[in-house]
Amino acid sequence: MSGEEEENAAELKIGDEFLKAKCLMNCEVSLILERRYEQLQQMSDEHLNQVSQVFEKSQQYVKRFSRYKNPDAVRQVREILSRHKLAEFELCVLGNLSPETVEEAIAMVPSLKTKGRFQNDEAIETMLNDLSLIKKFE
């Protein structure tokens with residue numbers, strides 16, 4: 001991003017490298033780390049003893065703050081949010097924080113309104129309702 005352009009997440013001015021980056025929600029990272037831990041368990045106790053403290057702390061953190069635990073639910077959340085052509089970081093913020101109201105969603109991700117991807121608040125509300133249904137039936 002050039003020195004003249006000021007970063008502004010509300011307008012999705014966050015730098016090309018960040019806009020193009022693949023972001024993962026906490027629940028996705030949790031599933032990846034859980035799978036890796038299971039692989040280490042199957043290999044041997046020696047490999048399990050080599051699990052770093054950083055790995056363990058990371059696993060505990062994402063497990064604690066994951067809104068969705070079921071792999072199918074995680075996949076559905078990403079699909080729902082992806083339908084709305086959200087930037088990766090927007091998708092992850094909404095997936096991680098699970099706002100319940102349109103106002104909360106816009107406060108957390110102001111670019112939902114400023115970039116014009118949603119025609120009205122009802123479209124955002126529909127998206128949030130879809131997410132809450134996944135959580136309810138998980």
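- Contact detail for Ala123 and Asn120: the closest heavy-atom pair is N-OD1, 3.0 Å.
- In the hydrophobic clustering of this structure, Leu133 does not group with Leu131; members are Ile, Leu, Val, Met, Phe, Trp, Tyr whose side-chain heavy atoms approach within less than 4.5 Å, directly or through other members.
- In this structure, Lys135 satisfies the cation-pi test against Tyr68, with its NZ or CZ atom closer than 6.0 Å to the six-membered ring centre and inside 45 degrees of the ring normal.
- Across Lys63 and Lys69, no two heavy atoms sit closer than the pair O-NZ, 2.8 Å.
- Listed here is the closest heavy atom pair of Leu91 and Leu81: O-CD1, 3.4 Å.
- Between the CD1 atom in Ile134 and the CG atom in Asn70 there is a gap of 10.0 Å [rounded to 0.5 Å].
- Residues Val102 and Leu112 have side chains not in contact (no heavy-atom distance under 4.5 Å, counting atoms from C-beta outward).
- Ionic pairing of Glu28 and Arg75 is not present here: no N-O contact between side-chain nitrogen and carboxylate oxygen is shorter than 4.0 angstrom.
- Counting all heavy atoms, side chain and backbone alike, Ala105 lies closest to Leu128 at CB-CD1, 4.1 Å.
- Of all heavy-atom pairs spanning Ala87 and Glu90, the tightest one is N-OE1, 2.7 Å.
- Between Arg64 and Asn26, the closest side-chain pair of non-hydrogen atoms is not below 4.5 Å.
- Glu138 CD: more than 12 foreign heavy atoms inside a 6.0 Å radius.
- Enclosure of atom CD in Glu38 by more than 12 non-hydrogen atoms of other residues, nucleotides or ligands within 6.0 angstrom is indicated.
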Steps toward side chain to side chain contact (heavy atoms under 4.5 Å, CB included) verdict (Val109, Leu86):
CA-CA 10 Å; Val109 185; Leu86 299 173; over 6 Å; no

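- Using modelled atom types, one side-chain atom of Glu88 and one backbone atom of Cys23 make a donor-acceptor pair closer than 3.5 Å.
- Here the side chains of Val62 and Ile32 are not in contact, with every heavy-atom distance at 4.5 Å or above.
- Phe65 is not listed as a side-chain neighbour of Asn96, based on a closest heavy-atom distance of 4.5 Å or more.
- Between Ser98 and Gly95, the closest heavy-atom pair is OG-O, 3.6 Å.
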